[in-house]
Number of protein chains: 2
Amino acid sequence: MPAAYASADKRAELVTAATTLLHEQGFHRTTLADVADRASVPLGNLYYYFKTKEALAEAVIAAHEQALRERFASWDAAQRDPRARLRQLVRAPLDTSDRVIQFGCPHGSLCQELEKLGKDAPLARAGARLLAVYIDWTDSQFRALGCEKREARALAADLVASVQGTMLLANTLRSPELLAAQLRRVERWLDGAGPSTLPSPARPNRPRSRS
Amino acid sequence: MPAAYASADKRAELVTAATTLLHEQGFHRTTLADVADRASVPLGNLYYYFKTKEALAEAVIAAHEQALRERFASWDAAQRDPRARLRQLVRAPLDTSDRVIQFGCPHGSLCQELEKLGKDAPLARAGARLLAVYIDWTDSQFRALGCEKREARALAADLVASVQGTMLLANTLRSPELLAAQLRRVERWLDGAGPSTLPSPARPNRPRSRS
DNA sequence: GTCTATAAATTGATAGAC
DNA sequence: GTCTATCAATTTATAGAC
């Protein structure tokens, strides 16, 4: 039934267009006309799928959230060593280096903008879920490494904060070199991070390809 | 001559009002009417002092920049130990903890928003100067600690990224506890950071008041 | 220099034909 | 379900009196 799917497709196309534009321009600077144009949908038609601009943004965040969970699940499946999984997280910004340099982190920059709507704003709460997904997954990796509850939580915050801060700096200074160099340093820090009671966990296939 | 000073005062009041509002609401969400109201100045009068909204924002950034330089200079004067100066930097967000939790870092969140205007946008370049001031000062402290050029640069990026990332997380998750706990961890990291050739510099009056 | 009124453009959202 | 036309509100910026 092409008709039924056409509807779902247009909705998905609108979300995709909005996702890109929210990353590139931010929420407030992106107009619904921008989104409609990019999705090749007449402006008025957009309101058939999303009652308000906020509803569209919530759909974008929901899509981000699902994509994040899927990515984490694929790392969980591909790597047995939690430390190797965390390395994927640290290296991830390099896969889209150009866009990170130009527009910052698609999740972090969105959160920063949405938080200014106020702590009770639905969009702010939705954005916060994104970062929570990051931290919760990172936390569970450190737990799998043998960290106790409090330490795993703190190390997760350390790691996510470092990666987020690195992207902010690299974006602001427009420096791909800074992005790569600092992420490498975070990776090195990660190799030493872990349960403080143990000296250092075994790292069988620790890659030293660079430098 | 009260008349001459009235002019300078109103200009300064507009900048102050705009600084607060840009922090609380961001650039795009803050209207010139907001600024005029908060400064108790009629809207039309604002244009006597600032030709455009961008010009006002540039004045805000210039004020931020000057305030930053003065703060750094006061730390330079008050502390002889570069590591003690860097501790001030790490602890600084605690002085305005409530506002950091509510609105994020006044400099970092502004940069993130302005960078989306494009790398050649005057406001984006102005914002980038702010973070550059942070990094340059931090860099010079690590140099004073005896770090070589490249290492000092990298450590400065480490430190500023960690603090910025921590503020982003604490703001998004609305957690003063996370802010305090993570900044304490950055401080502990700082105590161990330094020239890699030396084991660890002397820390005469290292405070352990917390915990 | 200061202020009121308003222009000009943008934009979120709706009405209503098809 | 889809699309055009348009409203209503907002907002940057200007005109012109005082």
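Protein chains get the first letters and strands the later ones, always in sequence-line order, with residue 1 at the start of each. Predicted model, so just to flag it, every value in this text is computed and none were measured.
In this structure, Tyr134(B) and Phe72(B) have perpendicular ring planes: the angle between them is above 60°, well past the 30° mark. Note on ring orientation: taking the six-membered ring where Trp is involved, the planes of His23(B) and Phe103(B) are perpendicular (angle over 60°, cut-offs 30° and 60°).
Rounded to whole angstrom, the span from the OH atom of Tyr47(A) across to the C1' atom of dT6(D) amounts to 13 Å. As a whole-Å value, the separation of Asp9(A) CG from dT2(D) P is 11 Å. If you measure from atom CG of Asn45(B) to atom C1' of dA15(D), you get 15 Å, rounded to the nearest angstrom. As rounded to whole Å, 14 Å separates atom P of dT11(D) from atom CG of Leu46(B). In this structure, Phe50(B) atom CZ and dT11(D) atom P are separated by 20 Å, rounded to whole Å.
Comment: Arg153(B) engages Asp136(B) in a salt bridge, judged by a side-chain N to carboxylate O separation of less than 4.0 angstrom. Remark: Glu24(B) does not engage Lys116(A) in a salt bridge, criterion side-chain N to carboxylate O under 4.0 Å. Using a cutoff of 4.0 Å between basic side-chain nitrogens and carboxylate oxygens, Glu13(B) and Arg38(B) are not scored as salt-bridged.
Listed by residue number, the members of residues 25-44 of chain B with any heavy atom below 4.0 angstrom from DNA chain D are Thr30(B), Thr31(B), Leu32(B), Leu43(B), Gly44(B). Applying a 4.0 Å cut-off to non-hydrogen atoms, none of the residues of residues 52-63 of chain A approaches DNA chain D.
Annotation: Arg125(A), atom CZ; neighbour count of heavy atoms from other residues, nucleotides and ligands within 6.0 Å does not exceed 12.
Tyr47(A) does not carry Lys53(A) over the face of its six-membered ring by the limits of under 6.0 Å from the centre and within 45° of the normal.
Contact annotation: Tyr49(B) reaches the phosphate of dT2(C) (side-chain N/O to OP1 or OP2, under 4.0 Å).
Side-chain N or O atoms of Arg174(B) include one that pairs as donor or acceptor with a backbone N or O of Glu115(A) at under 3.5 Å.
In DNA chain C, the stems built from three or more successive Watson-Crick or G-U pairs (distances below 3.5 Å) are C:1-18 with D:1-18.
In plain terms, the two heavy atoms of Ala193(B) and Leu155(B) that are nearest each other are CB-CD2, 4.2 Å. Scanning all heavy atoms of the two residues, the minimum distance from Ala180(A) to Leu94(A) falls at CA-CD2, 4.0 Å.
If you check the side chains of Gln182(A) and Asp158(B), you find a donor sitting under 3.5 Å from an acceptor.
When distances are taken from the side chain of Tyr48(A) to each of dG1(D), dT14(C), dT2(C), the shortest belongs to dG1(D).
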